[in-house]
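The figures here come from the full heavy-atom set of this structure, side chains too, leaving out hydrogens, waters and symmetry mates. Since the structure is predicted, the reported quantities are computational estimates derived from the model, not experimental observations. If you read the sequence from its start, that first residue is 1, and numbering goes on from there.
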Amino acid sequence: LTILFLMDAIFISGFPLPPSENALYRNVPGVGRVATRELKEYRKSCEAYAVIHKAYFHSIKDLMAKNWGGVEHFKVDYFFVFNRSRLYNKQGGIKKLDVANRIKAVQDCFFAQLGIDDKHVWASNIEKMDGENECCHIVLSAHTPINAIELMSLFSEQHESPTVVS
């Protein structure tokens with residue numbers, strides 16, 4: 001485990017790799033949507049991770065309060081690490097592995113361990129990478145949201161003569 005504390009970001013390595021969103025819930029007639037065994041096991045692995053690294057999680061909360069006191073918006077970067085054989089076939093072609101459907105489980109579980117409602121996540125980035133130990137690395141930072149007009153203005157400033165297609 002590596003947890004790096006910087007003034008503007010916190011890096012957490014080795015968080016459990018979440019299951020695909022396709023495997024989180026199942027429909028039960030007369031009951032509705034219920035968590036699958038795979039999701040329940042993932043939640044337990046995240047709880048165990050937080051128990052093992054309890055001091056680090058307390059440090060994260062303390063540093064967030066000290067350095068980012070009152071911050072309401074966060075940006076979270078997720079780096080999903082998979083064994084190379086899950087990313088590429090024998091010929092070197094890219095295998096089908098959708099990382100976007102892994103955000104929900106990891107975000108819910110990570111923020112639950114911090115005791116923070118994930119409604120405060122305002123921005124995120126996802127990447128997949130190869131590595132020996134399958135896991136999720138997380139970078140958490142304070143975020144200043146912008147609105148749509150500000151976004152268009154920023155984009156226009158960066159490109160002198162943009163071509164507008166409508």
Side-chain angles (χ1 to χ4, degrees), residues 1-6 8-65 67-68 71-143 145:
L1 166 77
T2 302
I3 296 181
L4 299 174
F5 302 103
L6 309 168
D8 59 350
I10 298 169
F11 175 76
I12 300 97
S13 75
F15 199 76
L17 183 68
S20 165
E21 195 170 306
N22 301 329
L24 300 182
Y25 299 96
R26 62 186 175 90
N27 290 319
V28 176
V31 177
R33 200 169 83 139
V34 297
T36 61
R37 182 174 34 86
E38 194 170 1
L39 176 56
K40 290 175 184 175
E41 288 173 3
Y42 179 68
R43 287 175 178 159
K44 285 180 185 176
S45 70
C46 293
E47 289 168 7
Y49 179 93
V51 167
I52 291 167
H53 305 295
K54 186 177 182 178
Y56 291 112
F57 274 79
H58 284 295
S59 296
I60 290 170
K61 289 185 212 177
D62 291 345
L63 283 165
M64 287 172 69
N67 294 338
W68 305 338
V71 169
E72 290 275 322
H73 306 91
F74 296 104
K75 179 178 185 222
V76 187
D77 297 311
Y78 299 101
F79 299 88
F80 296 104
V81 181
F82 297 95
N83 290 328
R84 187 167 184 79
S85 63
R86 291 186 62 191
L87 297 171
Y88 300 98
N89 61 31
K90 290 179 182 177
Q91 294 76 32
I94 298 172
K95 286 185 175 180
K96 184 176 180 178
L97 184 78
D98 182 4
V99 294
N101 69 10
R102 293 179 184 264
I103 294 174
K104 176 145 184 60
V106 72
Q107 185 163 292
D108 287 349
C109 291
F110 176 69
F111 279 92
Q113 297 310 314
L114 286 176
I116 298 172
D117 191 324
D118 67 352
K119 71 180 182 185
H120 296 283
V121 175
W122 225 251
S124 65
N125 176 60
I126 57 172
E127 291 187 37
K128 57 185 165 184
M129 55 183 56
D130 67 356
E132 290 183 27
N133 299 318
E134 293 195 332
C135 64
C136 180
H137 301 309
I138 301 169
V139 178
L140 178 64
S141 56
H143 179 71

Undergrad: If you apply the rule side chain to side chain contact (heavy atoms under 4.5 Å, CB included), what do you find for Val99 with Phe82, and how did you get there?
TA: CA-CA 10 Å; Val99 294; Phe82 297 95; 3.6 Å; yes
Undergrad: Taking the six-membered ring for Trp and the full ring for Phe, Tyr or His, determine whether the centres of Phe57 and His53 are under 6.0 Å apart.
TA: no
Undergrad: With the side chain counted from C-beta on, respond yes when Val139 and Phe79 share a heavy-atom pair under 4.5 Å apart, and no when they do not.
TA: yes
Undergrad: What pairs of donor and acceptor atoms, side-chain ones from residues 106-119 against any protein atom, are under 3.5 angstrom apart with sequence neighbours left out?
TA:
from   : atom 1 : to     : atom 2 : distance (Å)
Gln107 : OE1    : Tyr78  : OH     : 2.7
Asp108 : OD2    : Lys104 : NZ     : 2.9
Asp117 : OD1    : Lys119 : N      : 2.9

Undergrad: On the 0 to 90° scale, with breaks at 30° and 60°, tag the Phe74-His120 ring pair as parallel, tilted or perpendicular.
TA: perpendicular
Undergrad: Going by heavy atoms in the side chains, are Leu17 and Val81 under 4.5 Å from each other?
TA: no
Undergrad: Just wondering, are more than 12 heavy atoms of other shown residues or ligands nearer than 6.0 Å to NZ in Lys61?
TA: yes
Undergrad: If you measure from CD on Glu132 to CG on Asn83, what distance do you get to the nearest 0.5 Å?
TA: 8.5 Å
Undergrad: Can you name the nearest heavy-atom pair linking His137 to Gly14, along with the distance?
TA: ND1-N, 3.3 Å
Undergrad: Supply the atom-to-atom distance Asp77 CG to Ser124 OG, rounded to the nearest 0.5 angstrom.
TA: 8.0 Å
Undergrad: How long is the gap from CD1 on Ile60 to CG on Leu140, to the nearest 0.5 Å?
TA: 8.0 Å
Undergrad: Is Asn133 atom CG crowded by more than 12 heavy atoms from other residues, nucleotides or ligands, each under 6.0 Å away?
TA: no
Undergrad: For Ser45 and Tyr42, which heavy atoms make the closest approach, and how far apart are they?
TA: OG-O, 2.7 Å
Undergrad: Working to the nearest 0.5 Å, report the span between SG of Cys136 and CE of Met129.
TA: 9.5 Å
Undergrad: Are Lys96 and Asp98 close enough for a salt bridge, meaning some N to O gap below 4.0 Å?
TA: no
Undergrad: Who pairs with Asn101 by side-chain hydrogen bond (donor to acceptor under 3.5 Å, both in side chains), at least two apart in sequence or on another chain?
TA: Ser20
Undergrad: Would Arg33 count as a cation-pi partner of Tyr25, with NZ or CZ less than 6.0 Å from the six-membered ring centre and within 45° of the ring normal?
TA: yes
Undergrad: Salt bridge check, Arg43 against Glu47: does any charged N sit closer than 4.0 Å to a carboxylate O?
TA: no
Undergrad: Taking all non-hydrogen atoms of both residues, which atom of Cys46 and which atom of Phe15 are closest, and how far apart?
TA: SG-CE2, 3.6 Å
Undergrad: Applying salt bridge (charged side-chain N to carboxylate O under 4.0 Å, His left out) as the test, list every pair that has at least one member in residues 81-93; sequence neighbours left out.
TA: Arg84-Asp130, Arg86-Glu134
Undergrad: Is any side-chain heavy atom of Arg26 closer than 4.5 Å to a side-chain heavy atom of Val34?
TA: yes
Undergrad: After noting the C-alpha distance and the side-chain angles of Tyr88 and Ile94, does the key distance pass the side chain to side chain contact (heavy atoms under 4.5 Å, CB included) rule?
TA: CA-CA 5 Å; Tyr88 300 98; Ile94 298 172; 3.9 Å; yes
Undergrad: Specify the closest pair of heavy atoms between Lys95 and Ser85, including all atoms of both residues, with the distance to one decimal.
TA: NZ-O, 2.7 Å
Undergrad: Once you round to the nearest 0.5 Å, how far does CZ of Phe80 lie from CZ of Arg102?
TA: 7.5 Å
